[in-house]
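The structure appears below as structure tokens.
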There are 2 protein chains.
Amino acid sequence: MKSLISNIQIQVQHSLYLKDPLSSELGKKIIKGSIELICELGFEQFTFKKLAVKIASTEASVYRYFESKNKVLLYLTNWYWSWLEYRLVFATTNVPSAYDQLTKAVYLLTEDITEDGNFEHIDEGKLHQIVLSESLKSFLTKDVDSDNEGGAFAPYKNLVQRISNIILQINPNYKYPHMLVSTVVEGAHIQRHFANHLPRLTDVVEGEDAVAEFYSQIVFKAIK
Amino acid sequence: MKSLISNIQIQVQHSLYLKDPLSSELGKKIIKGSIELICELGFEQFTFKKLAVKIASTEASVYRYFESKNKVLLYLTNWYWSWLEYRLVFATTNVPSAYDQLTKAVYLLTEDITEDGNFEHIDEGKLHQIVLSESLKSFLTKDVDSDNEGGAFAPYKNLVQRISNIILQINPNYKYPHMLVSTVVEGAHIQRHFANHLPRLTDVVEGEDAVAEFYSQIVFKAIK
DNA sequence: CATTTTCAATAGTTTTACTATTAATTTTGC
DNA sequence: GCAAAATTAATAGTAAAACTATTGAAAATG
């Protein structure tokens, strides 16, 4: 990823936090520390107590910003979806062919992100790791419906809708655009997780990006 | 599902339990109660204490059978994968055409299971619900690698391998058979979950089985 | 029938998730 | 410029969850 616009800030919905973490130094340390700690320990082992120790603050102070660790995860995944949508819009504006737009979109959805980029308090590579391993958990909960009512999945839905529209430009009769896009998004995450931990459930080829290639084939064959 | 053979028992690996739950009445009550309670409360809210109250036993007694609630989830998902493989073998033996075998396999992977079947202590419909919402969590953990070493995902891998072999019979040059199968398995679960909770991420059509139809198209177009 | 093993209950401990209260700091109203 | 109001983050908790040590009773074994 080349640098886009340097002083852009990605806004996450207010319903996910008690106090905007971008509004104070402690807030930014909470975000930065959460990304590092969730990446390191996994979401289950991540606690506000451990985070507080890491950033030299206290548990209670973290609770001033976030109601629960689940909201932190929702905050981070929402940031990620908004960031992805922003990059998608950037990559597809002024591209006249819907076909080329979809190629870029599928690439963005399936690529492996390792670099850290433009945002001082967010390490995009580590955040991508978190999204691979943990983002599914944000809607595989009994709270899905209430979280959803509060708009917690809006950026994800927007992204899926946007790419679905590109698909419908190419083939207006295709019946399952949303299913296709969300299959690619979640599938790419799971396949990368499998490649890291359960290789017999996937087909990783050394030196090739099999995940990107596989889903690109799937998408273009599906809508033909 | 029509009844197959009535006195078949599905064996789950010893590494997942401390004492075989099928070896005593209490053990069977633990399995039956766990399925009901996880289905009702979700895995996060499920505790051994609540289970003990439900089956009129004690927390400590449950710990005689299972090391942790994660192992219970692994036990249940393993049972499910073994059951699915059993049904797959049953549905494809004596079917000469690999194409027909694959059609049946995709159907088994994507169908919606609601009925309770042949196993006294296991409600297959509820177990399917659990697999839809919770099975991903069994490998989205920091324990994946050690669980995997203990063989916790063997039945899943077997199932994927078996269907991959069918795909390779149809098209020996297809590069991504495992990725395709695991995409269908996990995708079907996630899409059904979306249909229930986040419909804007999928394309549910009233009265049709869109999930089965979508993945069937994906598979046969992909390997062509 | 004595010995060993297994079983499941009681009664813990430790950790996690979350809250009430308060001193210190910052913001604001005039 | 300073008192009042609001905000911040620390201390010190509680309640529940996850898990363990111990033990008497029941069952299996030799």
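In the text below, chain A, chain B and the rest are named by the order of the sequence lines, each starting its count at 1. Since the model is a prediction, treat every value here as computed from it, not as a measurement.
Counting any heavy atom pair closer than 4.0 Å across all strands shown, S68(B) reaches sugar-phosphate atoms only and no base atom. Heavy atoms of E67(B) sit nowhere under 4.0 angstrom from any nucleic acid atom. Backbone-only engagement by T47(A) is indicated by non-hydrogen atom pairs under 4.0 Å involving sugar-phosphate atoms exclusively. If you check every strand for non-hydrogen atoms under 4.0 Å, K19(B) touches sugar and phosphate atoms only. Residue F66(A) is classed as having no contact, given no heavy-atom separation below 4.0 Å to the nucleic acid.
The side-chain heavy atoms of H178(B) and L201(A), taken from C-beta on, include no pair separated by under 4.5 Å.
Between E59(B) atom CD and dA8(C) atom C1' there is a gap of 13 Å when expressed in whole angstrom units. In this structure, K71(A) places its NZ atom 15 Å from C1' of dA17(C), rounding to the nearest Å. Put simply, CZ on F48(A) is 15 Å from C1' on dA9(D), counting in whole angstrom units. Between the OH atom of Y63(B) and the P atom of dT10(C) there is a distance of 17 Å, given to the nearest Å. For the pair K69(B) NZ and dT16(C) P, the interatomic distance rounds to 14 Å; values are reported in whole Å. Rounded to whole Å, atom P of dC7(C) lies 11 Å from atom CG of L18(B). Counting to the nearest Å, the P atom of dA15(D) and the NZ atom of K49(B) are 16 Å from each other. In this structure, L26(B) atom CG and dA9(C) atom C1' are separated by 12 Å, rounded to whole Å.
With sequence neighbours excluded, no residue forms a side chain to side chain donor-acceptor pair (under 3.5 Å) with N196(B). Applying the ring pair (Phe, Tyr, Trp, His ring centres under 6.0 Å) rule to Y107(B) yields no partners; only residues at least two apart in sequence or on another chain are considered.
Dashed line: the shortest gap from a side-chain N or O of T58(B) to OP1 or OP2 of dA8(C) is not under 4.0 Å. Residue S61(A) places no side-chain N or O under 4.0 Å from the OP1 or OP2 atom of dT8(D). Regarding contacts with the backbone of dA16(D), every side-chain N or O of K50(B) stays at 4.0 angstrom or more from both OP1 and OP2. Put simply, Y65(B) has no side-chain N or O that comes within less than 4.0 Å of OP1 or OP2 on dC7(C).
A side-chain donor from one of S24(B) and Y65(B) sits under 3.5 Å from a side-chain acceptor of the other.
The CD atom of E36(B) lies 11.0 Å from the CG atom of L41(B); values are rounded to the nearest 0.5 Å.
Interface remark: the R64(B) side chain does form a donor-acceptor pair with the dT22(D) base, using a distance-only criterion of under 3.5 Å.
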